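Below is one structure, written out as structure tokens, with a few remarks after it.
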Amino acid sequence: MEEIKRLQEKLEKKSAQDIIKWSIKQFGNKVQLASSFSAEDMVLTDMIAKVKKDAVIFTLDTGRLPQATYDLMDEVKQKYSIKLKIFFPDTEEIEKMTQEHGVNLFYNSVELRKKCCNARKVQPLNRAFESIDGWICGLRKEQSITRIGLKKIVFDVGHNNIYKLNPLADWTNKDIWDYIKKNKVPYNKLHDKKYLSIGCEPCTRPVKSGEDIRAGRWWWEPAECKECGLHI
Ligand code: SF4
């Protein structure tokens, strides 16, 4: 506990770039960005690639992603020399789940939606964690009522106490898009069609003006349920 308090004091006021530099100096390729190719993750990818050209980032291919996200994966591979690792769900688990509950089970209840997120995201994420000491995330306080108390570094108690870094915790949506434009960072083209937060294709819709950033994710559920289990 003392250790994490010390690191929080040290890093809380640091810039996102400084936190990335510190984490790479500290852990090398044992700290990796978990990218969903969100606008935030693209900012972090660009920052990481500028610090370490051969850095490793990873993503979870749930099997239900929009085509625009796969197109962006390709763009990232072409633009940056960093290594992209892709983790997939367990085939047997997906076969069993869909045979029992159908392919669109997530619309039927919060419980079944979480079951799908667990099989397609949480379990592959746990495999990704087997070889790292820390992960970098694009979470921001502004994104949701579940993220207001976000710190820039924590021990991830739900994942063997590895370090979890949130370098963009205090960035605004405007900060993100200013960085993307200024640095010509590739981004998911669904953002141009009013998709603000992008996840799996069947669980994401565009956002209407005045709605919350994450209103288009699992829009049929109450706001306090809108986490997929990756961020415990
Ligand atoms: Fe399944 Fe939807 Fe979660 Fe993707 S976001 S893993 S499709 S419930």
Side-chain angles (χ1 to χ4, degrees), residues 32-42 44-45 57-74 76 84-130 135-140 142-147 150 156 158-159 164 166 187-191 193-208 211-232:
Q32 294 174 8
L33 169 69
S35 175
S36 65
F37 298 92
S38 64
E40 289 81 3
D41 293 337
M42 292 313 304
L44 292 168
T45 299
I57 70 171
F58 71 89
T59 193
L60 311 174
D61 184 346
T62 63
R64 301 295 302 253
L65 299 177
Q67 181 58 37
T69 305
Y70 292 110
D71 292 343
L72 181 55
M73 273 188 216
D74 268 350
V76 166
L84 171 65
K85 283 162 70 177
I86 306 178
F87 289 85
F88 291 89
D90 177 76
T91 319
E92 273 182 34
E93 196 173 344
I94 298 299
E95 284 176 1
K96 186 170 179 290
M97 179 180 78
T98 50
Q99 273 159 23
E100 260 177 50
H101 302 288
V103 287
N104 290 327
L105 70 164
F106 27 81
Y107 295 135
N108 296 337
S109 68
V110 172
E111 193 191 353
L112 285 176
R113 196 274 293 165
K114 288 189 172 173
K115 186 179 181 65
C116 184
C117 282
N118 184 65
R120 292 185 187 274
K121 294 181 176 180
V122 178
Q123 295 309 323
L125 182 71
N126 288 341
R127 282 196 290 117
F129 283 152
E130 285 169 11
W135 61 313
I136 300 172
C137 307
L139 302 185
R140 295 187 295 112
E142 197 190 62
Q143 285 167 326
S144 142
I145 54 168
T146 57
R147 296 180 182 176
L150 200 64
D156 193 342
H159 300 113
K164 180 176 182 181
N166 302 305
Y187 64 89
N188 195 317
K189 295 302 174 280
L190 286 175
H191 287 302
K193 297 178 180 171
K194 299 203 182 317
Y195 285 76
L196 298 190
S197 171
I198 303 165
C200 291
E201 193 276 336
C203 299
T204 307
R205 67 154 168 76
V207 167
K208 296 177 197 125
E211 276 187 325
D212 182 71
I213 294 171
R214 280 171 67 83
R217 303 291 295 279
W218 310 295
W219 63 92
W220 61 93
E221 292 183 2
E224 64 275 15
C225 298
K226 292 187 182 204
E227 292 290 353
C228 53
L230 299 183
H231 305 289
I232 302 166

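Each ligand, and each atom within it, is numbered from 1 in the order the structure gives. In this text, all values refer to a predicted model and were calculated from it rather than measured experimentally.
Evaluation of the salt bridge (Lys or Arg N to Asp or Glu O under 4.0 Å) rule for Glu211 yields Arg205 as partners, not counting sequence neighbours.
The side chain of Cys203, and not its backbone, has at least one atom closer than 4.0 Å to an atom of ligand 1 (non-hydrogen atoms only; side chain from C-beta on). If you look at Arg120 next to ligand 1, the close heavy atoms, those under 4.0 Å, all belong to the side chain.
Residue-ligand proximity, Arg113 to ligand 1, at heavy-atom distances under 4.0 Å covers atoms 8 (S).
For Cys200, every N, O or S atom stays at 2.8 Å or more from atom 1 (Fe) of ligand 1.
Ring geometry, Phe58 versus Phe129: the interplanar angle exceeds 60°, so the pair is classed perpendicular (tilted spans 30 to 60°).
For the pair Asn188 (side chain) and His191 (backbone), a donor-acceptor distance under 3.5 Å is absent.
Salt bridge status for Lys115 with Glu111: absent, with no side-chain N to carboxylate O gap under 4.0 Å.
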